[in-house]
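Shown next, in structure tokens, is the structure this report addresses.
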Amino acid sequence: MHNIYIWQQAIWQRLMQNHSFRNQALLLKGKKGIGKFRFAHNLAKSLLCRNLSAHNGACQKCISCNWFEQSEHPNFYQIAPESISESSEGNIEKIETENITNSKKLKKKNSQQIGVEQIRMLTDFVYMTGHQSGFKIILIYPAETMNLAAASALLKKLEEPPPQILFILVTHRPQYLLPTIRSRCQQIAMPSPDIATATAWLKQQGVNEPAACLAAASFAPLSALAFNTDDYVIQHEQFIEQISTPRHLNPVLLAETMQQLELSTVVGWLQKWCYDLMNFHTTGEVRYYLNHCPVVKELSSTVDPKKLMAYSRRLITAQRLSRHPLNFRLFLEEILITYAMLWHK
Ligand SMILES: [Zn+2]
């Protein structure tokens with residue numbers, strides 16, 4: 001099945017050989033950037049295909065496959081936060097690495113979330129539209145972005161599932177879903193590729209220095225690919241370059257430069273950086289920033305490990321807070337000032 005990433009083949013075969021999940025809800029969970037969305041999309045397309053073969057998946061030729069490709073399938077319904085639908089422009093490859101809170105593109109305050117109206121609209125889809133006798137699929141992505149009202153509305157539907165409906169929920173953070181929703185779903189842990197597989201795949205996609213790129217993207221191959229192609233990579237390099245010389249760091253200027261990015265992304269870079277400093281101190285190894293070994297070595301030998309440890313713990317809290325709307329610049333400035341202070345004697 002050429003549309004399925006190589007690290008997903010086994011789980012794909014398992015689902016294709018046994019369709020018993022069709023009458024329940026599925027929850028595909030796993031880290032961001034491993035291709036869960038495309039997998040879910042392919043699964044939906046295949047289950048709706050009129051000539052599905054267990055070995056090859058969707059036939060790509062029948063009218064159902066055609067509708068699906070045109071995003072016009074009457075029996076398929078997709079729910080995502082508006083910010084994702086808008087910024088990805090329907091590009092399946094792009095969706096999973098899209099930053100939900102990319103503020104440039106947001107029109108409404110709540111569009112980072114799936115709202116209750118979006119779930120209520122399902123009633124029409126379930127009972128009134130589409131081929132009424134046919135099997136229907138609803139894809140919710142990312143499921144953890146449902147607000148509480150939306151989640152409660154969905155729970156009602158899951159408790160009394162309409163016949164011939166398959167819900168596919170896809171999530172990067174299953175712990176943020178209502179436990180009652182999780183327990184109503186058949187949960188599938190989506191695999192991440194091992195480093196060798198992911199590196200080989202990235203190389204095939206034309207990525208230079210795939211190993212370093214993969215490590216910098218927390219070992220998520222799709223993120224590494226996105227990373228390699230955007231102006232993202234320039235900003236990332238700029239950021240690392242600046243924090244490589246903490247004694248000359250200008251937190252105000254750097255926070256301003258990074259404003260277009262998602263706050264949690266920048267905090268994530270800093271977390272990985274501090275992890276490398278700490279890890280180098282204890283094991284002499286670098287996990288994420290393989291291209292910056294000499295700097296990591298130098299900085300880790302000049303910082304007080306206890307202070308660095310305390311700072312890393314603060315970053316965990318900062319990462320949690322960064323998902324809420326707040327003043328990006330002030331928040332990042334404060335984190336960077338504290339970072340620079342680590343080398344202040
Ligand atoms: Zn088909």
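Computed from a predicted model, the values in this text were never measured in an experiment. Ligands are counted one by one from 1 in listed order, and the atoms in each one are counted from 1 as well. Starting from 1, each residue takes its place in the sequence as its number. Just the heavy atoms: all of them, side chains too, but no hydrogens, waters or symmetry mates, feed the values below.
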## Note on the structure
The reported gap from CZ in F39 to NZ in K36 (rounded to nearest 0.5 angstrom) is 12.0 Å

#### Entry: Heavy-atom side-chain contact between L27 and L177 under 4.5 Å
yes

### Message
Strictly distance-based, threshold 3.5 Å: is any side-chain N or O of T283 a donor or acceptor partner for the main-chain N or O of F280?
### Response
no

### Query
Should the ring pair H292 and W273 be called parallel, tilted or perpendicular, given that the plane angle runs from 0 to 90° and is split at 30 and 60?
perpendicular

### Task
Quick one: name the protein N/O/S atoms under 2.8 Å from the Zn ion (ligand 1), chain by chain.
C49 SG, C59 SG, C62 SG, C65 SG

### Message
Just checking H41 against Y141, ring centres under 6.0 Å apart?
### Response
no

### Under-4.0 Å salt bridge between E334 and R314
yes

